[in-house]
Asker: 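Structure incoming, see below.
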Amino acid sequence: MSDPFSINGGAAVAMVGKDCIAIACDTRLGSQSLGLANNFEKVFQMGKTTFLGLTGLATDVITLREDFRLKNNLYKLREEREMEPKTLANLVSTSLYERRFGPYFVSPIVAGLGKGGQPFICGFDLIGCIDFAKDFIVSGTASDQLYGTCESLYEPNLEPEDLFETISQALLNAVDRDALSGWGAVVYVVTKEKVVRRVLRTRQD
Amino acid sequence: MNATVASEYSAERHSVPIEHRFNPYSDNGGTVLGIAGEDFAVLAGDTRQVVGYSINTRYEPRVFDVGDNIVMTANGFDADGAALIDRFRNSLKWYKFDHNGKRLSILSAARYIQHLLYGKRFFPYYVSTLIAGLDDEGRGAVYSYDPVGSYEREQCRAGGAAASLIMPFLDNQVNFKNQYVPGSDGKKKKELRYLSLEEVIQLVRDAFTSATERHIYVGDGLEILIVTKEGVRTEYFPLKRD
Amino acid sequence: MNHDPYVWGRPDDAVYGAYNHAIANASSHGNVQEETSFPKMNSQQPIITGTSVNSIKFKDGVIVAADNMGSYGSLLRFNNIERIFKVGKETVVGVSGDISDFQQIQRLLDELEITEEIYDNDGGHNLRAPNVHEYLTRVLYNRRSKMDPLWNAVVVAGFNDDKTPFLRYVDLLGVTYGLSAICTGFGAHLAIPLLRQLVPDDKDYQNVTEEQAREAIINCMKVLFYRDARSSDKFTLVTLKQGQPPKFEKDLRCENQNWRFAKDLVGYGSTQL
């Protein structure tokens with residue numbers, strides 16, 4: 001139980017729909033089996049339609065959230081435009097690889113809509129290897145469970161409302177089978193028109 | 001305070017004795033799944049046997065009809081699994097000799113298997129055991145065990161390599177967990193109902209194709225044993241072989 | 001409260017005193033002081049070893065092959081070991097792994113054959129491959145359960161009661177499986193892919209002729225000789241055919257060897273680029 005990835009617990013997942021994406025996470029922060037907080041969100045908005053999810057060691061989650069907020073703001077000042085999800089993905093990758101031999105213990109995911117509104121999602125390992133996926137990306141201590149639920153519930157080209165139901169069911173049922181995840185959940189559904197953030201009611205055990 | 005050290009190199013010289021213990025266990029992969037219906041029960045398992053990254057065989061049955069309308073599987077370390085099932089079959093045979101051919105109820109079978117497993121508490125069978133059949137009222141029953149005999153009757157259970165992938169899917173689709181009546185604002189749970197055999201088989205196939213996709217220890221073939229009051233019947237479906 | 005799950009539900013040492021680990025031979029949790037005597041020494045490591053056994057089913061029989069070498073580590077210690085032997089009338093057993101354990105297995109099966117011949121003389125029930133395999137499985141599993149294993153991987157070839165070919169594996173842990181092509185050791189990595197080209201599906205052995213099977217096995221022996229450093233090019237090949245006694249061909253050699261590829265090898269201790 002000295003694995004840095006499973007000290008604090010937490011899970012995140014992203015999915016692609018028809019001209020939309022969804023990204024969701026649980027809100028638990030724990031210290032091994034002890035629950036500390038139920039408001040620890042792991043998905044952060046980096047631009048109008050760009051999101052970053054970070055699971056793993058909570059101190060690294062916070063450090064990287066602030067690091068990427070800084071880099072994102074500097075990018076906006078210099079470029080006078082928003083960072084594309086693909087750009088963010090490469091930024092995450094290179095930033096993590098800079099710490100190749102003393103890594104941050106996180107499993108980031110990126111989701112967003114590109115310039116033309118085309119959906120983009122991807123995931124990373126702790127040293128920045130990018131996993132481009134067409135369907136869904138999972139991360140966190142409930143990743144096994146999420147692979148199971150996503151692989152069997154997901155179908156391509158879902159409308160935003162159906163995508164919301166799918167990602168919510170995938171996340172909720174997965175975290176209920178993981179002792180280190182749960183205690184609330186947040187889902188973002190992103191279309192070209194709007195971003196909808198929903199807070200889910202979950203089991204509290 | 002280590003008096004011994006582990007080493008891969010037998011020729012290496014040490015000032016303390018080298019400890020190299022024989023490991024009596026291996027992991028032969030595979031995954032299993034049992035679901036109980038109103039008047040039937042199914043026990044399914046994939047047919048791949050592995051050790052490490054090698055596939056030993058693409059067809060080695062891991063779910064067995066052990067008699068008296070009971071099906072059984074012990075998934076994990078195959079040699080232990082086979083030994084456990086052999087022992088149960090043998091006991092059932094002697095039970096019949098001793099009790100004038102009496103049928104063993106699934107309730108009694110379940111308790112007996114607990115004792116088989118706990119009997120090796122200090123050198124356990126490395127298996128997740130499942131049995132399925134019909135109870136005395138004719139309703140479907142699934143019993144699941146941990147390696148040392150702690151057991152429980154359940155509506156459904158996944159065991160083995162991909163149990164963590166399949167189990168949340170089952171919670172959702174069999175016990176309708178996290179499903180609510182539309183428009184009830186999450187106040188009214190979706191009502192539980194028994195699934196038909198066709199629905200259950202479709203669920204099992206979906207669960208295994210998903211597990212095959214994401215787990216290297218699962219694949220090749222899916223064998224489903226179906227218990228009804230008419231007896232045990234087997235269905236086979238191919239799975240991806242990669 | 002102590003939040004460590006390890007201590008939940010355990011009797012408090014302050015109240016009951018420390019647990020006596022000698023009860024039921026429970027392990028001492030690394031407390032070396034408690035171990036008064038030297039640990040009991042059982043399981044060894046393999047000393048003289050034999051490498052792969054390769055086998056494949058064909059339409060009306062089975063072919064088994066194994067080379068004749070006994071290695072002592074990396075030393076070529078023996079070159080005259082016959083690792084395939086006959087049990088009963090129509091069954092052969094091929095053994096890889098420790099040679100002394102193999103000889104023990106051989107003695108056990110010779111004994112089994114004698115007792116079966118004495119007690120089963122009604123003519124109808126021969127000692128067949130499935131019976132030999134089941135017996136061996138129990139022997140190997142019981143030895144591993146005593147933490148004193150017979151360090152072998154074994155292939156049993158022969159015929160079922162209904163005369164169809166039988167081929168099944170068992171190893172030092174008691175793990176078993178059946179297949180139309182079985183190789184132990186290095187063969188499981190190098191030879192199985194070659195043999196599975198002939199029998200992609202288990203039932204495909206029915207379309208394989210004896211000549212095809214023989215050619216494939218001989219090719220496997222050559223490939224293994226190229227890449228398995230613990231193998232030799234002298235081997236024994238046994239052909240089992242329905243209704244005939246097993247045909248042993250001893251002192252076969254890998255023919256038409258071609259080592260031209262060797263000069264292009266780079267790394268692994270040979271010349272560097």
Side-chain angles (χ1 to χ4, degrees), chain B residues 1-11 16-30 47-62 76-87 90 118-127 220-221 236 238 241, chain C residues 21 23-27 30-33 35 38-39 41-47 73-74 134 137-138 140-151 153 167-190 192-193 196 199-203:
Chain B
M1 260 301 260
N2 240 352
T4 56
V5 294
S7 173
E8 296 289 308
Y9 305 103
S10 52
V16 286
I18 296 170
E19 183 179 63
H20 186 87
R21 258 174 84 83
F22 164 65
N23 178 191
Y25 294 112
S26 71
D27 180 2
N28 300 107
T47 62
R48 174 179 287 186
Q49 193 202 70
V50 306
V51 61
Y53 289 131
S54 295
I55 296 173
N56 283 340
T57 171
R58 299 192 189 280
Y59 185 74
E60 187 65 30
R62 51 164 56 81
F77 173 39
D78 269 24
D80 273 352
L84 180 69
I85 291 172
D86 272 1
R87 280 230 279 156
N90 191 246
Y118 196 82
K120 271 172 70 68
R121 169 63 180 78
F122 296 107
F123 187 16
Y125 289 118
Y126 255 44
V127 287
D220 294 332
Y236 175 86
R241 288 153 66 106
Chain C
H21 287 280
I23 296 171
N25 292 320
S27 89
N31 189 343
V32 185
Q33 256 78 359
E35 304 276 348
F38 200 71
M41 302 240 283
N42 254 333
S43 41
Q44 359 70 27
Q45 43 184 328
I47 308 295
S74 56
E134 185 67 37
T137 304
R138 300 294 174 92
L140 291 176
Y141 183 73
N142 285 324
R143 285 294 292 264
R144 88 96 220 190
S145 296
K146 283 192 238 166
M147 292 297 277
D148 186 14
L150 292 171
W151 216 286
L167 187 58
R168 215 166 155 79
Y169 166 100
V170 56
D171 66 14
L172 73 167
L173 295 172
V175 172
T176 73
Y177 59 88
L179 204 68
S180 289
I182 294 178
C183 301
T184 68
F186 240 105
H189 299 100
L190 292 175
I192 276 284
R196 279 191 190 165
V199 282
D201 260 314
D202 226 17
K203 57 184 182 307

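Here is the naming used below: chain letters follow the sequence lines, and residue numbers restart at 1 for every chain.
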Asker: So do the side chains of B:Arg241 and C:Asp201 get within less than 4.5 Å of each other, counting heavy atoms only?
Answerer: yes
Asker: State whether B:Tyr25 and C:Arg144 meet the cation-pi test: NZ (Lys) or CZ (Arg) under 6.0 Å from the six-membered ring centroid, and within 45° of the perpendicular axis.
Answerer: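 So C:Arg144 does make the cation-pi contact.
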Asker: State, yes or no, whether a side-chain contact exists between B:Asp78 and C:Tyr177 at a heavy-atom distance under 4.5 Å.
Answerer: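 Heavy-atom side-chain distance check fails, nothing below 4.5 Å.
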Asker: Given a strict heavy-atom distance threshold of 4.5 Å, which part of B:Thr57 is in contact with chain C: side chain, backbone, both, or neither?
Answerer: both
Asker: Rounded to the nearest 0.5 Å, what separation is found between the CD1 atom of B:Ile55 and the CZ atom of C:Arg196?
Answerer: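 Going from the CD1 atom of B:Ile55 to the CZ atom of C:Arg196 covers 6.5 Å.
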Asker: Between atom CZ of C:Arg143 and atom CZ of B:Phe22, what is the distance when rounded to the nearest 0.5 Å?
Answerer: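 Here the interatomic distance stands at 10.5 Å.
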Asker: With a 4.5 angstrom heavy-atom cut-off, is it the side chain or the backbone of C:Ser145 that approaches chain B, or both, or neither?
Answerer: both
Asker: Mind listing the closest non-hydrogen atom pair of C:Thr176 and B:Gln49 along with its distance?
Answerer: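 Minimum heavy-atom separation between C:Thr176 and B:Gln49: O-NE2, 3.0 Å.
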Asker: Where does C:Arg168 contact chain B at under 4.5 Å (heavy atoms): side chain, backbone, both or neither?
Answerer: side chain
Asker: As an exercise, state the distance from CG of C:Asp171 to OG of B:Ser26, rounded to the nearest 0.5 Å.
Answerer: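 The distance works out to 7.0 Å.
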Asker: Side chain from CB out, backbone as N, CA, C, O: work out which of these in B:Asn28 comes under 4.5 Å of a heavy atom of chain C, or both, or neither.
Answerer: side chain
Asker: Report yes if the side chains of B:Glu60 and C:Val175 come closer than 4.5 Å at any heavy-atom pair, otherwise no.
Answerer: no
Asker: Contact part of B:Asp80 toward chain C, heavy-atom cut-off under 4.5 Å: side chain, backbone, both or neither?
Answerer: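 Contact with chain C: backbone and side chain both.
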Asker: Under a 4.5 Å cutoff for heavy-atom pairs, which residue among C:Leu172, C:Leu179, C:Leu173 has the most contacts with chain B?
Answerer: C:Leu173
